[in-house]
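Below: the structure, in C-alpha coordinates.
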Amino acid sequence: MAGSNEKNLLNHMAKLFLGLDSSTQSLSAVVIDLDTRKVVYEKSLNFDQALPQHKTQNGVLPNRDPLVKHSSPLLWAAALDLLFAQMKKDGVALGNILAVSGSGQQHGSVYFNEKAADVLLNLNPKNSLVENLDGIFARKTSPIWMDASTAKECAEIRKKLGGVKYTASRTGSDTFERFTGPQIRKFYQTEPKAYDKTASIALVSSFLASLLAGKIAPIDFGDGAGMNLMDIRRKNWNHDAMKATAPSLAKKLPLLAASGQVIGPVSSYFVTKFGLNPEALATVWTGDNPASVIGLGLIKPGQMAISLGTSDTFFGTMEKCSTDESGEGHVFGSPAGGYLTLICFKNGSLAREKVRALYKIPDWKKFGELVSQTRPGNDGGIMLPWFEAEIVPRTSKPGIYRFDLDEKNVAANCRAIFEAQMLAMRLHSQWMQVAPEKIFVTGGASSNPQLLQILADVMNCRVLRIEVSKSAALGAALSAAHGWLVAANKNPKWEKLVAGFTAPVPGSEIRPDAKAARIYDKLVEKYAACESDVLDSI
Ligand code: XUL
(Lines give C-alpha, C1' and ligand atoms only; values in the text may rest on other atoms or scores of the structure.)
Protein backbone atom coordinates (compact mmCIF):
# COMPACT_ATOMS: atom_id res chain seq x y z
CA MET A 1 0.00 0.00 0.00
CA ALA A 2 1.47 3.36 -1.02
CA GLY A 3 2.52 5.16 2.11
CA SER A 4 0.28 2.78 4.11
CA ASN A 5 -1.95 5.77 4.62
CA GLU A 6 -4.65 4.06 6.62
CA LYS A 7 -6.02 7.32 7.92
CA ASN A 8 -7.09 8.27 4.44
CA LEU A 9 -8.76 4.95 3.89
CA LEU A 10 -10.72 5.21 7.09
CA ASN A 11 -11.63 8.86 6.83
CA HIS A 12 -15.29 8.79 5.93
CA MET A 13 -15.22 12.28 4.47
CA ALA A 14 -12.36 11.50 2.09
CA LYS A 15 -13.07 12.12 -1.58
CA LEU A 16 -11.75 8.87 -3.03
CA PHE A 17 -11.58 8.03 -6.73
CA LEU A 18 -10.62 4.70 -8.24
CA GLY A 19 -8.63 4.31 -11.47
CA LEU A 20 -8.10 0.90 -13.04
CA ASP A 21 -5.75 -0.01 -15.87
CA SER A 22 -6.10 -3.24 -17.82
CA SER A 23 -2.77 -3.48 -19.63
CA THR A 24 -1.28 -6.31 -21.68
CA GLN A 25 0.08 -8.20 -18.71
CA SER A 26 -1.76 -6.96 -15.64
CA LEU A 27 -4.71 -5.17 -14.07
CA SER A 28 -3.79 -2.30 -11.74
CA ALA A 29 -5.73 -0.13 -9.33
CA VAL A 30 -4.89 3.31 -7.97
CA VAL A 31 -7.07 5.07 -5.39
CA ILE A 32 -6.55 8.80 -4.88
CA ASP A 33 -7.72 11.16 -2.18
CA LEU A 34 -8.52 14.41 -3.94
CA ASP A 35 -8.32 16.65 -0.87
CA THR A 36 -4.94 15.45 0.41
CA ARG A 37 -3.70 14.92 -3.19
CA LYS A 38 -2.32 11.55 -2.32
CA VAL A 39 -2.35 8.12 -3.84
CA VAL A 40 -3.75 6.15 -0.90
CA TYR A 41 -3.67 2.70 -2.44
CA GLU A 42 -2.15 0.92 -5.40
CA LYS A 43 -2.06 -2.71 -6.43
CA SER A 44 -1.28 -4.77 -9.53
CA LEU A 45 -2.36 -8.21 -10.44
CA ASN A 46 -0.36 -10.14 -13.03
CA PHE A 47 -2.63 -12.09 -15.38
CA ASP A 48 -0.35 -15.12 -15.94
CA GLN A 49 0.39 -15.55 -12.25
CA ALA A 50 -3.01 -14.73 -10.71
CA LEU A 51 -5.14 -16.50 -13.31
CA PRO A 52 -3.07 -19.38 -14.73
CA GLN A 53 -6.25 -21.25 -15.75
CA HIS A 54 -6.60 -18.77 -18.64
CA LYS A 55 -3.26 -20.03 -20.01
CA THR A 56 -1.77 -16.74 -21.16
CA GLN A 57 1.93 -16.02 -21.57
CA ASN A 58 2.72 -12.39 -20.82
CA GLY A 59 -1.02 -11.78 -21.13
CA VAL A 60 -1.30 -13.36 -24.60
CA LEU A 61 -2.89 -16.68 -25.62
CA PRO A 62 -0.43 -19.02 -27.37
CA ASN A 63 -0.97 -19.30 -31.12
CA ARG A 64 0.89 -21.19 -33.82
CA ASP A 65 0.88 -18.13 -36.06
CA PRO A 66 3.44 -15.65 -34.64
CA LEU A 67 1.47 -12.76 -36.13
CA VAL A 68 -1.74 -13.62 -34.28
CA LYS A 69 -1.96 -12.24 -30.73
CA HIS A 70 -5.22 -12.69 -28.89
CA SER A 71 -6.22 -12.54 -25.26
CA SER A 72 -9.43 -13.38 -23.47
CA PRO A 73 -12.21 -11.04 -22.32
CA LEU A 74 -13.07 -13.55 -19.60
CA LEU A 75 -9.52 -13.25 -18.25
CA TRP A 76 -9.94 -9.47 -17.96
CA ALA A 77 -13.33 -9.92 -16.26
CA ALA A 78 -11.89 -12.51 -13.83
CA ALA A 79 -9.07 -10.11 -13.00
CA LEU A 80 -11.61 -7.38 -12.21
CA ASP A 81 -13.37 -9.67 -9.71
CA LEU A 82 -10.06 -10.66 -8.17
CA LEU A 83 -8.78 -7.11 -7.84
CA PHE A 84 -11.99 -5.89 -6.18
CA ALA A 85 -11.79 -8.84 -3.75
CA GLN A 86 -8.17 -7.90 -3.03
CA MET A 87 -9.07 -4.24 -2.43
CA LYS A 88 -11.80 -5.32 0.00
CA LYS A 89 -9.35 -7.62 1.78
CA ASP A 90 -6.77 -4.82 1.99
CA GLY A 91 -9.29 -2.59 3.77
CA VAL A 92 -9.76 -0.03 0.99
CA ALA A 93 -12.79 2.10 1.93
CA LEU A 94 -14.68 1.04 -1.20
CA GLY A 95 -17.86 2.65 0.19
CA ASN A 96 -16.12 6.05 0.04
CA ILE A 97 -15.23 5.88 -3.64
CA LEU A 98 -17.21 8.54 -5.47
CA ALA A 99 -16.41 7.55 -9.06
CA VAL A 100 -14.51 4.91 -11.00
CA SER A 101 -12.77 5.25 -14.33
CA GLY A 102 -10.17 3.20 -16.14
CA SER A 103 -7.96 2.58 -19.10
CA GLY A 104 -7.15 -0.40 -21.24
CA GLN A 105 -4.45 -1.55 -23.63
CA GLN A 106 -5.45 0.19 -26.83
CA HIS A 107 -7.00 -1.32 -29.98
CA GLY A 108 -8.03 -4.73 -28.52
CA SER A 109 -11.66 -5.59 -29.27
CA VAL A 110 -14.49 -7.56 -27.65
CA TYR A 111 -17.50 -8.87 -29.58
CA PHE A 112 -20.85 -9.01 -27.71
CA ASN A 113 -23.86 -10.94 -29.00
CA GLU A 114 -27.48 -9.83 -28.57
CA LYS A 115 -27.71 -11.33 -25.06
CA ALA A 116 -25.00 -9.07 -23.64
CA ALA A 117 -27.04 -5.94 -22.86
CA ASP A 118 -29.52 -7.91 -20.77
CA VAL A 119 -26.87 -9.91 -18.93
CA LEU A 120 -24.91 -6.74 -18.10
CA LEU A 121 -28.03 -5.18 -16.63
CA ASN A 122 -28.63 -8.18 -14.37
CA LEU A 123 -25.17 -9.23 -13.18
CA ASN A 124 -25.75 -11.68 -10.30
CA PRO A 125 -23.42 -11.07 -7.34
CA LYS A 126 -23.86 -14.67 -6.19
CA ASN A 127 -21.86 -15.77 -9.21
CA SER A 128 -18.49 -14.65 -10.51
CA LEU A 129 -18.23 -12.27 -13.46
CA VAL A 130 -16.93 -15.17 -15.57
CA GLU A 131 -20.06 -17.20 -14.73
CA ASN A 132 -22.29 -14.21 -15.41
CA LEU A 133 -20.74 -13.50 -18.80
CA ASP A 134 -21.07 -17.06 -20.08
CA GLY A 135 -22.68 -17.00 -23.53
CA ILE A 136 -22.58 -13.23 -24.24
CA PHE A 137 -19.71 -13.20 -26.74
CA ALA A 138 -19.95 -13.59 -30.52
CA ARG A 139 -16.19 -14.22 -30.53
CA LYS A 140 -14.41 -16.06 -27.74
CA THR A 141 -11.07 -14.31 -27.91
CA SER A 142 -9.96 -10.71 -28.43
CA PRO A 143 -7.31 -9.60 -30.89
CA ILE A 144 -4.98 -7.22 -29.03
CA TRP A 145 -2.50 -4.49 -29.99
CA MET A 146 0.35 -6.96 -30.54
CA ASP A 147 -1.51 -8.68 -33.39
CA ALA A 148 0.11 -8.14 -36.78
CA SER A 149 -2.04 -10.45 -38.90
CA THR A 150 -4.15 -7.93 -40.81
CA ALA A 151 -1.78 -6.50 -43.44
CA LYS A 152 -4.24 -7.46 -46.20
CA GLU A 153 -7.19 -5.77 -44.49
CA CYS A 154 -5.08 -2.66 -43.81
CA ALA A 155 -4.24 -2.39 -47.51
CA GLU A 156 -7.88 -2.88 -48.52
CA ILE A 157 -9.24 -0.22 -46.16
CA ARG A 158 -6.41 2.24 -46.97
CA LYS A 159 -7.11 1.85 -50.69
CA LYS A 160 -10.84 2.39 -50.27
CA LEU A 161 -10.14 5.51 -48.19
CA GLY A 162 -7.80 7.00 -50.79
CA GLY A 163 -4.28 6.19 -49.54
CA VAL A 164 -2.04 6.77 -46.53
CA LYS A 165 -2.29 10.54 -46.34
CA TYR A 166 -6.06 10.67 -46.58
CA THR A 167 -6.56 7.77 -44.16
CA ALA A 168 -4.27 9.46 -41.61
CA SER A 169 -5.77 12.92 -41.99
CA ARG A 170 -9.29 11.54 -41.69
CA THR A 171 -8.92 8.97 -38.86
CA GLY A 172 -5.73 10.23 -37.15
CA SER A 173 -3.57 7.33 -38.36
CA ASP A 174 -2.82 5.26 -41.41
CA THR A 175 -4.35 1.77 -41.20
CA PHE A 176 -2.32 -0.37 -38.80
CA GLU A 177 -2.49 -4.12 -38.25
CA ARG A 178 -3.38 -3.74 -34.58
CA PHE A 179 -6.03 -1.05 -35.12
CA THR A 180 -9.56 -2.23 -34.50
CA GLY A 181 -11.02 -1.47 -37.94
CA PRO A 182 -8.68 -3.84 -39.84
CA GLN A 183 -9.20 -6.43 -37.08
CA ILE A 184 -12.98 -6.14 -37.46
CA ARG A 185 -12.63 -6.51 -41.24
CA LYS A 186 -10.59 -9.69 -40.81
CA PHE A 187 -13.22 -11.09 -38.43
CA TYR A 188 -15.99 -10.23 -40.88
CA GLN A 189 -14.10 -11.83 -43.78
CA THR A 190 -12.96 -14.98 -42.00
CA GLU A 191 -15.95 -15.60 -39.69
CA PRO A 192 -18.93 -13.91 -41.40
CA LYS A 193 -21.54 -15.82 -39.36
CA ALA A 194 -19.98 -14.84 -36.03
CA TYR A 195 -19.67 -11.27 -37.30
CA ASP A 196 -23.40 -11.33 -38.11
CA LYS A 197 -24.14 -12.44 -34.57
CA THR A 198 -22.15 -9.51 -33.16
CA ALA A 199 -24.59 -7.01 -31.68
CA SER A 200 -22.00 -4.64 -30.27
CA ILE A 201 -18.23 -4.19 -30.49
CA ALA A 202 -16.28 -2.93 -27.48
CA LEU A 203 -12.65 -2.03 -26.88
CA VAL A 204 -10.81 -3.43 -23.84
CA SER A 205 -11.52 -0.10 -22.13
CA SER A 206 -15.23 0.09 -22.96
CA PHE A 207 -15.70 -3.63 -22.21
CA LEU A 208 -14.51 -3.21 -18.62
CA ALA A 209 -16.45 0.06 -18.28
CA SER A 210 -19.54 -1.90 -19.41
CA LEU A 211 -19.06 -4.38 -16.56
CA LEU A 212 -18.79 -1.58 -14.01
CA ALA A 213 -21.74 0.34 -15.41
CA GLY A 214 -23.91 -2.73 -16.03
CA LYS A 215 -24.62 -1.58 -19.58
CA ILE A 216 -22.83 -1.22 -22.91
CA ALA A 217 -20.45 1.69 -22.34
CA PRO A 218 -19.43 4.37 -24.86
CA ILE A 219 -15.96 4.36 -26.43
CA ASP A 220 -13.99 7.54 -25.71
CA PHE A 221 -12.27 9.88 -28.20
CA GLY A 222 -8.80 8.69 -27.13
CA ASP A 223 -9.35 4.97 -27.65
CA GLY A 224 -11.85 5.53 -30.48
CA ALA A 225 -9.05 7.17 -32.49
CA GLY A 226 -7.15 3.85 -32.35
CA MET A 227 -9.68 2.12 -34.56
CA ASN A 228 -9.34 3.77 -38.02
CA LEU A 229 -13.07 4.36 -37.70
CA MET A 230 -13.43 7.72 -35.95
CA ASP A 231 -13.22 11.10 -37.66
CA ILE A 232 -10.34 12.60 -35.71
CA ARG A 233 -11.49 16.20 -36.10
CA ARG A 234 -15.26 15.81 -35.79
CA LYS A 235 -15.00 13.04 -33.20
CA ASN A 236 -17.83 10.97 -34.65
CA TRP A 237 -17.87 7.61 -36.45
CA ASN A 238 -16.74 8.14 -40.02
CA HIS A 239 -19.20 6.81 -42.58
CA ASP A 240 -16.58 6.08 -45.30
CA ALA A 241 -14.29 4.28 -42.85
CA MET A 242 -17.13 2.12 -41.54
CA LYS A 243 -18.18 1.28 -45.10
CA ALA A 244 -14.58 0.38 -46.05
CA THR A 245 -14.32 -1.92 -43.01
CA ALA A 246 -17.41 -4.12 -42.73
CA PRO A 247 -21.17 -4.03 -43.36
CA SER A 248 -23.68 -2.82 -40.73
CA LEU A 249 -20.90 -1.44 -38.58
CA ALA A 250 -22.83 1.69 -37.64
CA LYS A 251 -25.29 -0.54 -35.76
CA LYS A 252 -22.55 -2.43 -33.95
CA LEU A 253 -20.50 0.49 -32.66
CA PRO A 254 -21.47 2.12 -29.36
CA LEU A 255 -21.71 5.86 -28.76
CA LEU A 256 -18.56 7.98 -28.64
CA ALA A 257 -18.04 10.16 -25.55
CA ALA A 258 -15.37 11.98 -23.57
CA SER A 259 -13.47 9.83 -21.10
CA GLY A 260 -14.56 10.41 -17.52
CA GLN A 261 -18.10 11.26 -18.65
CA VAL A 262 -20.61 9.73 -16.27
CA ILE A 263 -22.38 6.62 -17.61
CA GLY A 264 -24.50 6.11 -14.50
CA PRO A 265 -24.25 4.58 -11.03
CA VAL A 266 -22.03 1.52 -10.69
CA SER A 267 -23.68 -1.85 -11.25
CA SER A 268 -25.30 -3.29 -8.10
CA TYR A 269 -23.03 -6.34 -8.64
CA PHE A 270 -20.09 -4.33 -7.24
CA VAL A 271 -22.21 -2.75 -4.49
CA THR A 272 -23.51 -6.05 -3.10
CA LYS A 273 -20.38 -8.07 -3.58
CA PHE A 274 -17.60 -5.64 -2.65
CA GLY A 275 -19.31 -2.77 -0.82
CA LEU A 276 -19.03 -0.01 -3.43
CA ASN A 277 -21.34 2.89 -2.64
CA PRO A 278 -24.61 2.56 -4.64
CA GLU A 279 -24.19 6.23 -5.58
CA ALA A 280 -20.64 5.79 -6.88
CA LEU A 281 -20.45 6.77 -10.55
CA ALA A 282 -19.24 4.56 -13.38
CA THR A 283 -17.55 6.71 -16.02
CA VAL A 284 -16.25 6.28 -19.57
CA TRP A 285 -12.78 4.68 -19.80
CA THR A 286 -9.97 5.48 -22.22
CA GLY A 287 -6.81 3.87 -23.66
CA ASP A 288 -3.69 3.38 -21.54
CA ASN A 289 -1.70 5.99 -23.46
CA PRO A 290 -4.32 8.77 -23.26
CA ALA A 291 -4.73 7.96 -19.55
CA SER A 292 -0.95 8.16 -19.04
CA VAL A 293 -0.93 11.65 -20.55
CA ILE A 294 -3.14 12.71 -17.63
CA GLY A 295 -1.30 10.57 -15.08
CA LEU A 296 1.98 12.19 -16.07
CA GLY A 297 0.45 15.67 -15.97
CA LEU A 298 1.15 16.42 -19.67
CA ILE A 299 -1.57 19.01 -19.88
CA LYS A 300 0.21 21.81 -21.74
CA PRO A 301 0.83 21.48 -25.49
CA GLY A 302 4.43 20.47 -26.27
CA GLN A 303 4.95 18.47 -23.08
CA MET A 304 6.38 15.09 -24.11
CA ALA A 305 7.01 11.77 -22.39
CA ILE A 306 8.50 8.39 -23.13
CA SER A 307 7.01 5.31 -21.55
CA LEU A 308 9.36 2.34 -21.43
CA GLY A 309 6.82 -0.43 -20.96
CA THR A 310 5.81 -3.62 -22.77
CA SER A 311 5.75 -1.34 -25.80
CA ASP A 312 7.86 1.83 -25.84
CA THR A 313 5.80 4.89 -26.63
CA PHE A 314 6.75 8.50 -27.27
CA PHE A 315 3.83 10.83 -26.78
CA GLY A 316 2.66 14.23 -25.72
CA THR A 317 0.00 16.87 -25.88
CA MET A 318 -0.70 18.71 -29.11
CA GLU A 319 -2.86 21.80 -29.51
CA LYS A 320 -4.10 21.34 -33.05
CA CYS A 321 -4.69 18.09 -34.87
CA SER A 322 -1.74 17.56 -37.20
CA THR A 323 -1.41 14.07 -38.67
CA ASP A 324 1.63 12.18 -39.99
CA GLU A 325 1.55 12.14 -43.79
CA SER A 326 4.09 9.32 -43.90
CA GLY A 327 1.68 7.27 -41.80
CA GLU A 328 3.95 6.08 -38.96
CA GLY A 329 2.58 8.13 -36.09
CA HIS A 330 -0.82 8.58 -34.55
CA VAL A 331 -3.08 11.32 -33.32
CA PHE A 332 -5.59 10.40 -30.61
CA GLY A 333 -8.12 12.48 -28.70
CA SER A 334 -6.74 13.57 -25.33
CA PRO A 335 -8.84 13.08 -22.19
CA ALA A 336 -7.98 16.69 -21.35
CA GLY A 337 -9.58 17.86 -24.61
CA GLY A 338 -7.41 18.60 -27.64
CA TYR A 339 -5.10 15.92 -29.00
CA LEU A 340 -2.20 13.71 -28.19
CA THR A 341 0.43 12.54 -30.58
CA LEU A 342 2.05 9.13 -30.26
CA ILE A 343 4.39 6.64 -31.86
CA CYS A 344 4.47 3.08 -30.64
CA PHE A 345 7.39 0.65 -30.86
CA LYS A 346 6.36 -2.92 -30.22
CA ASN A 347 9.81 -4.18 -29.26
CA GLY A 348 10.05 -2.41 -25.91
CA SER A 349 10.54 -4.19 -22.59
CA LEU A 350 9.94 -7.64 -24.00
CA ALA A 351 12.85 -7.15 -26.42
CA ARG A 352 15.11 -5.79 -23.65
CA GLU A 353 14.17 -8.81 -21.54
CA LYS A 354 15.00 -11.13 -24.43
CA VAL A 355 18.51 -9.67 -24.72
CA ARG A 356 18.94 -10.01 -20.95
CA ALA A 357 17.82 -13.65 -21.13
CA LEU A 358 19.94 -14.35 -24.21
CA TYR A 359 23.11 -13.27 -22.40
CA LYS A 360 21.98 -14.70 -19.03
CA ILE A 361 22.32 -11.35 -17.25
CA PRO A 362 20.99 -11.83 -13.71
CA ASP A 363 19.34 -8.43 -13.19
CA TRP A 364 18.91 -4.91 -14.60
CA LYS A 365 21.62 -3.51 -12.31
CA LYS A 366 24.14 -5.82 -13.94
CA PHE A 367 22.69 -4.95 -17.36
CA GLY A 368 23.33 -1.25 -16.59
CA GLU A 369 26.87 -1.99 -15.41
CA LEU A 370 27.58 -3.78 -18.68
CA VAL A 371 26.25 -0.79 -20.63
CA SER A 372 28.69 1.44 -18.65
CA GLN A 373 31.62 -0.65 -19.85
CA THR A 374 30.94 0.49 -23.42
CA ARG A 375 31.16 3.89 -25.14
CA PRO A 376 28.34 6.06 -26.54
CA GLY A 377 27.88 5.06 -30.17
CA ASN A 378 29.10 1.51 -29.44
CA ASP A 379 32.05 2.03 -31.85
CA GLY A 380 29.53 2.03 -34.69
CA GLY A 381 27.89 -1.27 -33.65
CA ILE A 382 24.17 -1.39 -34.43
CA MET A 383 21.41 -3.87 -33.65
CA LEU A 384 17.91 -3.99 -35.08
CA PRO A 385 16.05 -5.76 -32.25
CA TRP A 386 12.86 -6.88 -33.94
CA PHE A 387 12.13 -9.90 -31.77
CA GLU A 388 8.46 -9.38 -32.68
CA ALA A 389 7.02 -8.01 -35.92
CA GLU A 390 7.64 -4.28 -35.48
CA ILE A 391 5.17 -1.42 -35.74
CA VAL A 392 7.73 1.36 -36.35
CA PRO A 393 9.37 0.85 -38.76
CA ARG A 394 6.67 -1.36 -40.06
CA THR A 395 7.67 -4.97 -40.65
CA SER A 396 5.74 -8.21 -40.29
CA LYS A 397 8.97 -10.24 -40.31
CA PRO A 398 10.63 -10.56 -36.92
CA GLY A 399 14.44 -10.71 -36.95
CA ILE A 400 17.58 -9.59 -35.11
CA TYR A 401 20.16 -7.89 -37.29
CA ARG A 402 23.66 -6.83 -36.24
CA PHE A 403 25.97 -4.39 -38.05
CA ASP A 404 29.62 -4.04 -36.96
CA LEU A 405 28.52 -5.72 -33.74
CA ASP A 406 30.00 -8.96 -32.45
CA GLU A 407 27.22 -11.25 -31.24
CA LYS A 408 29.55 -12.56 -28.53
CA ASN A 409 30.30 -9.15 -27.03
CA VAL A 410 27.75 -9.13 -24.20
CA ALA A 411 28.27 -5.52 -23.04
CA ALA A 412 28.10 -4.13 -26.59
CA ASN A 413 24.85 -6.00 -27.24
CA CYS A 414 23.31 -4.55 -24.05
CA ARG A 415 24.16 -1.03 -25.24
CA ALA A 416 23.13 -1.83 -28.80
CA ILE A 417 19.53 -2.73 -28.05
CA PHE A 418 18.80 0.43 -26.12
CA GLU A 419 20.70 2.68 -28.52
CA ALA A 420 18.70 1.18 -31.39
CA GLN A 421 15.42 1.75 -29.58
CA MET A 422 16.26 5.38 -28.85
CA LEU A 423 17.67 6.04 -32.34
CA ALA A 424 14.47 4.63 -33.83
CA MET A 425 12.47 6.92 -31.58
CA ARG A 426 14.49 9.96 -32.69
CA LEU A 427 14.32 9.05 -36.37
CA HIS A 428 10.64 8.25 -36.51
CA SER A 429 9.40 11.15 -34.38
CA GLN A 430 10.64 13.84 -36.75
CA TRP A 431 7.14 14.32 -38.21
CA MET A 432 5.86 15.50 -34.83
CA GLN A 433 7.99 18.62 -35.22
CA VAL A 434 8.32 18.98 -31.49
CA ALA A 435 11.49 20.28 -29.90
CA PRO A 436 10.81 19.64 -26.23
CA GLU A 437 13.19 21.25 -23.77
CA LYS A 438 12.72 18.26 -21.49
CA ILE A 439 11.24 14.80 -21.77
CA PHE A 440 9.55 12.98 -18.91
CA VAL A 441 10.25 9.29 -18.73
CA THR A 442 8.30 6.55 -17.03
CA GLY A 443 7.82 2.77 -17.08
CA GLY A 444 9.86 -0.16 -15.80
CA ALA A 445 13.16 0.58 -17.57
CA SER A 446 13.13 4.23 -16.44
CA SER A 447 14.75 3.26 -13.15
CA ASN A 448 17.96 2.41 -15.02
CA PRO A 449 20.31 5.47 -15.03
CA GLN A 450 22.59 4.14 -17.78
CA LEU A 451 19.65 3.72 -20.13
CA LEU A 452 18.35 7.21 -19.29
CA GLN A 453 21.74 8.72 -20.13
CA ILE A 454 21.56 7.10 -23.57
CA LEU A 455 18.06 8.49 -23.98
CA ALA A 456 19.18 12.03 -23.02
CA ASP A 457 22.20 11.84 -25.36
CA VAL A 458 20.33 10.42 -28.37
CA MET A 459 17.49 12.95 -28.03
CA ASN A 460 19.94 15.69 -26.97
CA CYS A 461 17.45 16.79 -24.37
CA ARG A 462 17.10 16.88 -20.59
CA VAL A 463 15.34 13.82 -19.20
CA LEU A 464 13.36 13.75 -15.96
CA ARG A 465 11.99 10.66 -14.32
CA ILE A 466 8.44 10.57 -13.11
CA GLU A 467 8.02 7.88 -10.54
CA VAL A 468 4.45 6.98 -11.21
CA SER A 469 4.71 3.28 -11.66
CA LYS A 470 1.05 3.22 -12.68
CA SER A 471 0.63 6.39 -14.70
CA ALA A 472 -2.33 5.03 -16.68
CA ALA A 473 -4.27 3.96 -13.55
CA LEU A 474 -3.47 7.30 -11.89
CA GLY A 475 -4.64 9.14 -15.01
CA ALA A 476 -7.84 7.10 -14.89
CA ALA A 477 -8.40 7.99 -11.21
CA LEU A 478 -7.93 11.68 -12.07
CA SER A 479 -10.33 11.25 -14.98
CA ALA A 480 -12.91 9.77 -12.59
CA ALA A 481 -12.43 12.80 -10.34
CA HIS A 482 -12.80 15.15 -13.32
CA GLY A 483 -16.01 13.40 -14.43
CA TRP A 484 -17.44 13.55 -10.92
CA LEU A 485 -16.63 17.26 -10.57
CA VAL A 486 -18.17 18.02 -13.97
CA ALA A 487 -21.32 16.12 -12.98
CA ALA A 488 -21.43 18.21 -9.78
CA ASN A 489 -21.17 21.43 -11.87
CA LYS A 490 -17.81 22.27 -10.29
CA ASN A 491 -16.07 23.27 -13.56
CA PRO A 492 -12.73 21.55 -12.81
CA LYS A 493 -9.48 22.73 -14.44
CA TRP A 494 -7.12 19.94 -15.53
CA GLU A 495 -4.00 21.83 -14.53
CA LYS A 496 -5.25 22.23 -10.98
CA LEU A 497 -6.54 18.67 -10.82
CA VAL A 498 -3.26 16.98 -11.72
CA ALA A 499 -1.09 19.31 -9.60
CA GLY A 500 0.70 17.57 -6.78
CA PHE A 501 0.21 14.05 -8.12
CA THR A 502 2.83 14.02 -10.81
CA ALA A 503 6.00 15.89 -9.90
CA PRO A 504 9.28 14.54 -11.36
CA VAL A 505 11.52 12.62 -8.95
CA PRO A 506 13.75 15.20 -7.19
CA GLY A 507 17.33 14.99 -8.44
CA SER A 508 16.38 12.65 -11.29
CA GLU A 509 17.28 15.08 -14.07
CA ILE A 510 19.81 13.75 -16.56
CA ARG A 511 21.48 16.23 -18.91
CA PRO A 512 22.73 15.27 -22.34
CA ASP A 513 26.48 15.02 -22.82
CA ALA A 514 27.46 17.29 -25.73
CA LYS A 515 30.13 14.93 -27.07
CA ALA A 516 27.86 11.89 -26.95
CA ALA A 517 25.04 13.89 -28.57
CA ARG A 518 27.35 14.68 -31.53
CA ILE A 519 28.17 10.99 -31.91
CA TYR A 520 24.45 10.17 -32.09
CA ASP A 521 23.84 12.94 -34.66
CA LYS A 522 26.04 10.85 -36.98
CA LEU A 523 24.96 7.43 -35.80
CA VAL A 524 21.30 8.12 -36.47
CA GLU A 525 22.18 8.33 -40.18
CA LYS A 526 23.91 4.96 -40.10
CA TYR A 527 21.00 3.53 -38.12
CA ALA A 528 18.55 4.84 -40.76
CA ALA A 529 20.62 3.27 -43.55
CA CYS A 530 20.71 -0.10 -41.71
CA GLU A 531 16.92 0.01 -41.27
CA SER A 532 16.35 0.78 -44.96
CA ASP A 533 18.75 -1.97 -46.08
CA VAL A 534 17.03 -4.59 -43.97
CA LEU A 535 13.52 -3.44 -44.87
CA ASP A 536 14.42 -3.56 -48.58
CA SER A 537 15.82 -7.06 -48.25
CA ILE A 538 13.04 -8.81 -46.31
C1 XUL B 1 -0.52 2.17 -28.75
C2 XUL B 1 -0.34 0.70 -28.52
C3 XUL B 1 0.22 0.24 -27.23
C4 XUL B 1 -0.84 -0.31 -26.33
C5 XUL B 1 -0.16 -0.95 -25.13
O6 XUL B 1 -0.97 2.47 -30.02
O7 XUL B 1 -0.67 -0.11 -29.33
O8 XUL B 1 0.95 1.26 -26.58
O9 XUL B 1 -1.76 0.68 -25.97
O10 XUL B 1 -1.05 -1.29 -24.15
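Remember, it's a predicted structure, so these values are computed and weren't measured experimentally. Heavy atoms only: backbone and side chains are in, while hydrogens, waters and symmetry mates are out.
- With 3.5 Å as the limit, one finds a donor-acceptor pair spanning the side chains of Y269 and D81.
- By the 4.0 Å N-to-carboxylate-O rule, D90 lies close enough to K43 to be salt-bridged with it.
- The list of side-chain hydrogen bond (donor to acceptor under 3.5 Å, both in side chains) pairs with a residue in residues 116-131, not counting sequence neighbours, reads S128-E131.
- Aromatic ring orientation, F270 versus F84: tilted (interplanar angle from 30° to 60°).
- Here D147 does not pair with R178 in a salt bridge; the nearest charged N to carboxylate O distance is not below 4.0 Å.
- Evaluated for a side-chain contact (heavy atoms from CB on, under 4.5 Å) with M304, the options E437, M432, K438 yield exactly one hit, M432.
- For the residue pair S26/N46, the side-chain donor-acceptor check at 3.5 Å is not satisfied.
- Residues F332 and Y339 place their aromatic rings such that the two centres sit no closer than 6.0 Å.
- Under the 4.5 Å side-chain criterion, counting only non-hydrogen atoms from C-beta, D312 is not in contact with K346.
- If you look at H330 and F179, their ring centroids are closer than 6.0 Å.
- Atoms NE2 and CG, on H54 and L61 in that order, are 10.0 Å from each other to the nearest 0.5 Å.
- No hydrogens or angles considered: nothing links the side chains of S101 and S479 as a donor-acceptor pair under 3.5 Å.
- A side-chain contact (heavy atoms from CB on, under 4.5 Å) with W237 is found for one member of L249, I219, L255 and no other, namely I219.
- A salt bridge between K69 and E388 is present, with a side-chain N of the basic residue lying under 4.0 Å from a carboxylate O of the acidic one.
- Using bins of under 30°, 30° to 60° and over 60° for the plane-to-plane angle, the ring pair F137/F112 lands in the parallel bin.
- L455 contributes atom CG, which lies 8.0 Å from atom SG of C461 (distance to the nearest 0.5 angstrom).
- With no hydrogens or angles considered, no side-chain donor-acceptor pair links D288 and S23 at under 3.5 Å.
- T310 and Q25 are linked by a side-chain donor-acceptor pair at a separation below 3.5 angstrom, with hydrogens and angles left out of the test.
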* Apply side-chain hydrogen bond (donor to acceptor under 3.5 Å, both in side chains) to S103 and D21, showing your working. => CA-CA 5 Å; S103 64; D21 173 44; 2.7 Å; yes
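- Evaluated for a salt bridge (Lys or Arg N to Asp or Glu O under 4.0 Å) with D231, the options R234, K235, R233 yield exactly one hit, R234.
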